[in-house]
Amino acid sequence: MTNKKARNRNNFFWIYAAIFSIFLGIFFFKSSFSRPKKIDQDTFFEILSRGEVQKIVVKHKEIVYVYLKRNLSSINGIKNGQHIINGRYFISQPLQYEFEIGDLQFFQKKFEKFKEKYNLDTLIEFKNQQEYTLTKFFLDYGIFFILLIIFWIFLFKRIGSTGGGPGSQIFNIGKSRAKLFNENDDVKTTFKDVAGLEGAKEEVQEIVEFLKSPQKYTKLGGKIPKGALLIGQPGTGKTLLAKAVAGEAKVPFFSLSGSDFVEMFVGVGASRVRDLFEKAKEKSPCIIFIDEIDAIGRTRGKSSIAGSNDERENTLNQLLTEMDGFDTYTNVIVLAATNRSDILDNALLRPGRFDRTILVDPPELNERKEIFDVHLKNLILSDDVDVDFLAKQTPGFSGADIANICNESALIAARKDRNEINHEDFLDAIDRIIGGLEKKNKVIKPEEKKRIAYHEAGHATVSWLLKYASPLVKITIVPRGRSLGSAWYLPEERQLTTLDQMKDEICALLGGRSAEEIIFRSISTGALNDLERVTKQAQSMVVIFGLNKKIGNISYYDSTGQNDFFFSKPYSEKTAQIIDEEISKIISEQYERSKKILKNNEIKLSMLANELLEKEVIFREDVKKIFGERTFPDEVENMLNNPIEPISS
Ligand code: ADP
């Protein structure tokens, strides 16, 4: 739909809404202000005796409406609706009073008596319920209801149209919202676009084969799998992989998200599943890709509020039925993605549904390099961009993060009016993605700035002089996101961490606070993030990895995730006390160690801090100029103090 059309629709909506509100207003105004005033019978007979009543209407034998005459003697001529009584002109007044009567016969008698006595021409009418509903009710409320119905039809059309695509009418609400990518579409994804993920690619390669030449497998009596579940963190390339399967097999690809099935109306989810599979069968062979399947595939019946998840369960049941229902010869393969396989219903995972589970892990060093290569292909780079360095600098990053870095660096370079993207732009992009936006206007007092500089220089100094601390890349005191300054390291990618490595990491993290204490003789709140990480590290050493001598080779970790040892402590009070003591012992030992290192290198620490204050960002080379090549004086001393240390295996 074009923008103009959408705007027109919008205008119409407001016109309808305005007309409707005006009618509604009039209706309520009329009904609340034109109500007759309530009086009692005595008052009525007094008014009647004065000859002012033109007509009374008795409704349901119990309510009497009183219509008064209006004196029009001053008006010349006789008009419609006027009549002459006692030589004066009168015109009917609207309904003015009402009152209730107990007994109609008694009232009627009294009324007739008054009429006779005062020689009145007052009329009396009777109305029963039926008469009222058929005529008056329609006149009073009919227009209102017609308007209401028109408004509802209009509103439903609008709700339906906001979804767009096949569900553009309310009547299409049960239709699936899957987006169809055809073979003829321009967007072509193949395995070449998916970097790394060799294992996963191998697994899905087979699915491509199934789709391309099913006979190869069925002629031997084998059954083609109905579905595969891709499990991995967000952004690791699950959607990309599914698209590549469709692209390679050259088959249509239906893509939708688990939440697309869910609607506020009951039964819609199941109906959408049915519709999706019907459409897919028409296009067979094809692929259905359901992203975030956990939105509907959660374990059933575990909700604490009974019946609260009925709609989701119905949708899931329908999905299971459909997957069971279509036979293997239909050639529709369902690929689903999730990052929460632990909460999926077991029924989904049983063979015959998602027979294959494919793990899509975050990329390792080599894979990151390949992903960088894919995304750098279309960028104009300067010679100083080192892909190896970038891959090393981004541990834990997903494919989507890397794609984002590449794009962000291009934007940064463009902002600086450069013709090519250089190394520093990439570093800035990484900083931006990890740390958030630079906050140049943050007000920081000079003494605070000095403290921050020493804090960061403390981290840098300690890590420079510790054998197992990660090598430094750069230090900055430019505030970013929530942090006031930061030191970036090049973490080593390793599968195992030794006790010494853990200790050195804690020591380097405490370097910031130690520097503050040595230089300013006071500590500040600036070490919060460091302390949080230090505490977690020390905790994991003692209770998870069994690296503490006193606690011994015990781990309280529960990989099933059912018992969190932080809440349900699986150890005695006495052990809890030892754990606490050991954690604080590790931390205080490392704190003293970092202070010692800094005291021995106080002059260099100050040089580094001053340089940082001057330049705001300094790199590894600047640190090297001050400290020289990395040597580890602390290591020799440490080995003499603790000749035997258990090392994790
Ligand atoms: P997911 O579905 O796992 O959340 P996506 O497949 O949507 O992640 O990935 C998002 C984007 O990240 C992709 O469009 C692609 O640009 C990039 N990406 C992720 N993994 C890879 C990879 N292995 N190779 C190349 N690009 C990738």
Side-chain angles (χ1 to χ4, degrees), residues 177-179 181 185-205 207-208 227-249 253-261 287-297 333-344 354 356-379 381 387-388 390-411 421 426 429-430 432-434 493:
R177 298 225 167 145
K179 201 165 166 222
F181 295 91
D185 278 346
D186 301 337
V187 200
K188 275 267 154 280
T189 311
T190 60
F191 284 143
K192 261 196 231 134
D193 302 302
V194 187
L197 305 179
E198 288 310 323
K201 268 202 265 185
E202 221 166 86
E203 292 254 357
V204 290
Q205 179 75 44
I207 294 178
V208 175
L229 192 63
L230 302 165
I231 299 173
Q233 299 297 317
T236 42
K238 299 182 292 294
T239 315
L240 194 69
L241 206 57
K243 272 193 189 157
V245 172
E248 291 280 338
F253 178 75
F254 288 90
S255 167
L256 80 168
S257 164
S259 57
D260 285 342
F261 290 115
I287 289 177
I288 296 176
F289 176 65
I290 308 173
D291 205 358
E292 317 286 352
I293 198 170
D294 44 293
I296 51 164
I333 291 190
V334 186
L335 293 178
T338 178
N339 56 341
R340 299 290 317 270
S341 62
D342 51 319
I343 57 164
L344 285 189
F354 290 104
R356 297 186 170 210
T357 307
I358 300 168
L359 287 181
V360 185
D361 287 326
E364 307 242 321
L365 183 65
N366 284 340
E367 292 175 312
R368 288 202 300 275
K369 198 170 158 239
E370 286 176 33
I371 299 175
F372 264 113
D373 284 334
V374 167
H375 292 281
L376 292 178
K377 233 175 4 200
N378 301 324
L379 303 181
L381 304 174
V387 183
D388 283 314
L390 291 177
K392 277 189 195 153
Q393 189 60 70
T394 46
F397 278 46
S398 67
D401 290 330
I402 292 173
N404 196 9
I405 288 175
C406 295
N407 189 47
E408 194 69 38
S409 58
L411 299 183
I421 312 163
F426 277 96
I430 295 172
R432 158 108 181 63
I433 283 161
I434 299 178
E493 218 138 315

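Both ligands and their constituent atoms are indexed starting at 1 by order of listing.
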Would you give the length of the straight line joining atom CG of Asp291 to atom OG of Ser259, rounded to the nearest 0.5 angstrom?
9.0 Å
Is there a heavy atom of Lys243 sitting under 4.0 angstrom from any atom of ligand 1?
no
Using only atom types and a distance under 3.5 Å, with no angle test, would you say the side chain of Arg368 pairs donor to acceptor with the backbone of Ala391?
yes
shortest atom 7 (O) of ligand 1-to-protein heavy-atom contact is with Thr239 OG1, 3.4 Å
Under 3.5 Å, side chain of Lys238 to main-chain N/O of Val360, donor-acceptor pair present?
no
With a cutoff of 4.0 Å, is Pro234 in contact with ligand 1, counting heavy atoms of the residue only?
yes
Students often mix this up, so state it plainly: with edges at 30° and 60°, are the rings of Phe372 and Phe426 parallel, tilted or perpendicular?
perpendicular
Below 4.0 Å, non-hydrogen atoms only: which portion of His375 touches ligand 1? Side chain, backbone, both or neither.
side chain
Could you check whether Ser398 and Asp401, counting side-chain N and O atoms only, form a donor-acceptor pair closer than 3.5 Å?
yes
Write out the residue and atom name of the closest protein heavy atom to atom 21 (C) of ligand 1, then the distance separating them to 0.1 Å.
Leu240 CD2, 3.7 Å
Ala403 N/O under 3.5 Å from ligand 1 N/O
no
First locate atom NZ of Lys369, then atom CG of Leu390, and finally report the distance between them rounded to the nearest 0.5 Å.
11.0 Å
Can a donor-acceptor pair be found, under 3.5 Å and without considering hydrogens, that links the side chain of Glu248 to the backbone of Gln205?
no
So, 4.0 Å and heavy atoms of Asp193: is ligand 1 close enough to count as a contact?
yes
Going by the order shown, which atoms of ligand 1 are within less than 4.0 Å of some heavy atom of Ala195?
22 (C), 23 (N), 24 (N), 25 (C)
Check each of Ala244, Gly399, Gly232 against atom 17 (C) of ligand 1 and report the one with the nearest heavy atom.
Gly399
Does ligand 1 come near enough to Asp291 that some N or O of the ligand is less than 3.5 Å from an N or O of the residue?
no
Heavy-atom distances under 4.0 Å decide this one: backbone, side chain, both or neither, for Thr236 against ligand 1?
both
Out of curiosity, Thr236 OG1 to Asp361 CG, how far, rounded to the nearest 0.5 Å?
8.0 Å
Under 4.0 Å from one or more heavy atoms of Leu197, ligand 1 contributes atoms 23 (N)
Check contact between Gly196 and ligand 1, using heavy atoms of the residue and a distance below 4.0 angstrom.
no
What protein heavy atom lies closest to atom 12 (O) of ligand 1? Include the residue and the distance to one decimal.
Ala400 CA, 3.1 Å
Report yes if Gly235 has an N/O atom closer than 3.5 Å to an N/O atom of ligand 1; otherwise report no.
yes
Has the side chain of Asp260 got a donor or acceptor atom that lies under 3.5 Å from a matching backbone atom of Ser257?
yes
Please round to the nearest 0.5 Å and tell me the distance separating atom CD1 of Ile333 and atom CD1 of Ile207.
5.5 Å
